[in-house]
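Inspection log for the structure reproduced underneath, given as structure tokens.
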Number of protein chains: 2
Amino acid sequence: MTPSVRILLCDDHAVVRAGLLALLGGEPDIDVVGEAGSGEEAVALAAQLTPDVVLMDLQLGSGIDGVEATRRIATAGAGAVNVLVLTTYDTDADITRAIEAGATGYLLKAERPEELFAAIRAAAQGRTTLSPPVASRVMARMRSPRPTLTERELDILGQLSQGLGNRDIARALFISEATVKTHLGRIYEKLDVDTRAGAVSVAKEQRLLP
Amino acid sequence: MTPSVRILLCDDHAVVRAGLLALLGGEPDIDVVGEAGSGEEAVALAAQLTPDVVLMDLQLGSGIDGVEATRRIATAGAGAVNVLVLTTYDTDADITRAIEAGATGYLLKAERPEELFAAIRAAAQGRTTLSPPVASRVMARMRSPRPTLTERELDILGQLSQGLGNRDIARALFISEATVKTHLGRIYEKLDVDTRAGAVSVAKEQRLLP
DNA sequence: GGCCCCGTCAGCCGATCGGTTGATGCGGAG
DNA sequence: CTCCGCATCAACCGATCGGCTGACGGGGCC
């Protein structure tokens, strides 16, 4: 018979971890070998325990976030550790970042538990599983590539969401006001808004900022 | 011996519900008698099953939100149904709204599972339990009452976060631009910002808008 | 080498915003 | 009845924003 799949849980909510632990306890071929409540802990435990799959939440209260933890785990040494993202959000930004960071799969917590079990078994063999809504978004993005904000534009957007004026943004980033305005114009285009307030609103909703 | 506590789960994430179900299954004196994936479903099942406690998440993807569901359940008929909020967020706005809506307790998912069990048993008897961080916030708010936005100010803030200019906000709410500016000034004061972008940022972070 | 994206900068101008002062009416609390 | 919070409106003014046009250099790609 096939050996059990060894799992490391990473979620900052103790109740959720306990729930997953109890849930996965019902599957004989799935063994939870560790729990992490932060990204740092997950990276350390992944290196130490070398589980088959890390079940990773993206938003982890403090410290490094799930994307960064995923990146470190996925790119570490042997690379035999597969990261399966299990999270609430299905925004383009999150999905894109997680995949770029090397996630093996991306599941939503809204998924049925059976799908989770199946995805875990698939991930253990390096096979990818995406929740239907996630897959849809990925396909949609392939078909009509939506404009992505550049690094610099995200910098401006970050300052903008602090409520700073153009002059202060310019000073904070060591550029001229004219440049700030140029970037803002492009940001408005890409986010399909025409005011700073609208840009901040979209940025927060799409979780474009950390 | 004391009879079992009858529980109704309400969370829009199937995996989380299954996790809680498995977790609570380990407690002999706690019986999960129903599951709801939406606020509407929770209200209907609460009326039909009359559980001792409803475990309610606040953010429910679509339909009515957890606060509204809590209000309807708490104010329905006999009122013997206690709502225990179990959620991720500990912002003042969420806590305040939930308590006003009639929640019996407010727990964070970051809490230890044992605390959850204890809180459920307490809630079954109508006793209140608050997570430590939540209790702290409540106390802090009592000591230094932070300014609360009025209904009207929230209206303006809502329009503002759509990126509308003062003129458009005025038209949308059937008031004059002068009034919009007056409200905005007070909103800036209360949120401790001085630009519209900053106000939107704070509003999103504090979850002041639905 | 040419092309295009990115980041940088400039100047202009009308529209809008933010701050201020002051005023009215209405409703509830004391 | 009076006080106060809330919502409403007015007029003013300097500062800022948004949109525009145009420009330059660097880096990657073919």
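By convention in this document, chain letters (A, B, ...) are assigned in the order of the sequence lines, proteins followed by strands, and residues within each chain are numbered from 1. These numbers come from the heavy atoms of this one structure, side chains and all, not from hydrogens, waters or symmetry mates.
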### Task
Indicate yes or no for a side-chain donor-acceptor contact from A:Asp94 to the backbone of A:Tyr89 under 3.5 Å, with no hydrogens or angles considered.
no

### Those residues of residues 152-162 of chain A lying under 4.0 Å from DNA chain D by at least one heavy atom
none

#### Entry: Rounded distance in Å - CG (A:Leu149) to P (C:dC6)
11 Å

### Query
Between atom CD in A:Glu189 and atom P in C:dC5, what is the gap in whole Å?
12 Å

### Query
Quick one: do B:Asp92 and B:Arg97 make a salt bridge, cutoff under 4.0 Å?
no

### Message
Output one letter per nucleotide in nucleotides 12-30 of chain C: B when a protein non-hydrogen atom lies under 4.0 Å from the base, S when only the sugar-phosphate is that close, - when neither is.
### Response
B---SSBB-----------

### Query
Is a salt bridge present between B:Arg71 and B:Glu68, judged by a nitrogen-to-oxygen distance below 4.0 Å?
yes

### Query
Whole Å only: how far is the CD1 atom of A:Ile175 from the P atom of C:dT8?
5 Å

### Query
Whole-Å distance between C:dG7 C1' and A:Leu173 CG?
12 Å

### Task
Take the protein atom CZ of A:Arg186 and the nucleotide atom P of C:dC6, then report the distance between them rounded to whole Å.
8 Å

### Message
Looking only at the side chains, is there a donor atom on one of A:Ser131 and A:Glu111 sitting less than 3.5 Å from an acceptor on the other?
### Response
yes

### Of A:Lys109, A:Met56, A:Gln59, A:Glu35, the residue whose pairing with A:Asp11 passes side-chain contact (heavy atoms from CB on, under 4.5 Å)
A:Lys109

### Query
How many Å lie between CG on A:Leu191 and P on D:dG18, as a whole number?
13 Å

### A:Glu115 and A:Arg112 ion-paired at < 4.0 Å
yes

### Side-chain touch A:Leu84/A:Val54, heavy atoms, less than 4.5 angstrom
no

### Message
Side chain of A:Thr179, heavy atoms from C-beta onward: which of D:dA10, D:dA7, C:dT8 has the nearest atom to it?
### Response
C:dT8

### Query
Taking side chain as C-beta onward, heavy atoms only, is A:Val32 less than 4.5 Å from A:Leu20?
no

### Query
Reckon A:Ser176 has a side-chain N or O less than 4.0 Å from the OP1 or OP2 of C:dA10?
yes

### Closest non-hydrogen atom pair between A:Thr128 and A:Thr104, with its separation
OG1-O, 2.8 Å

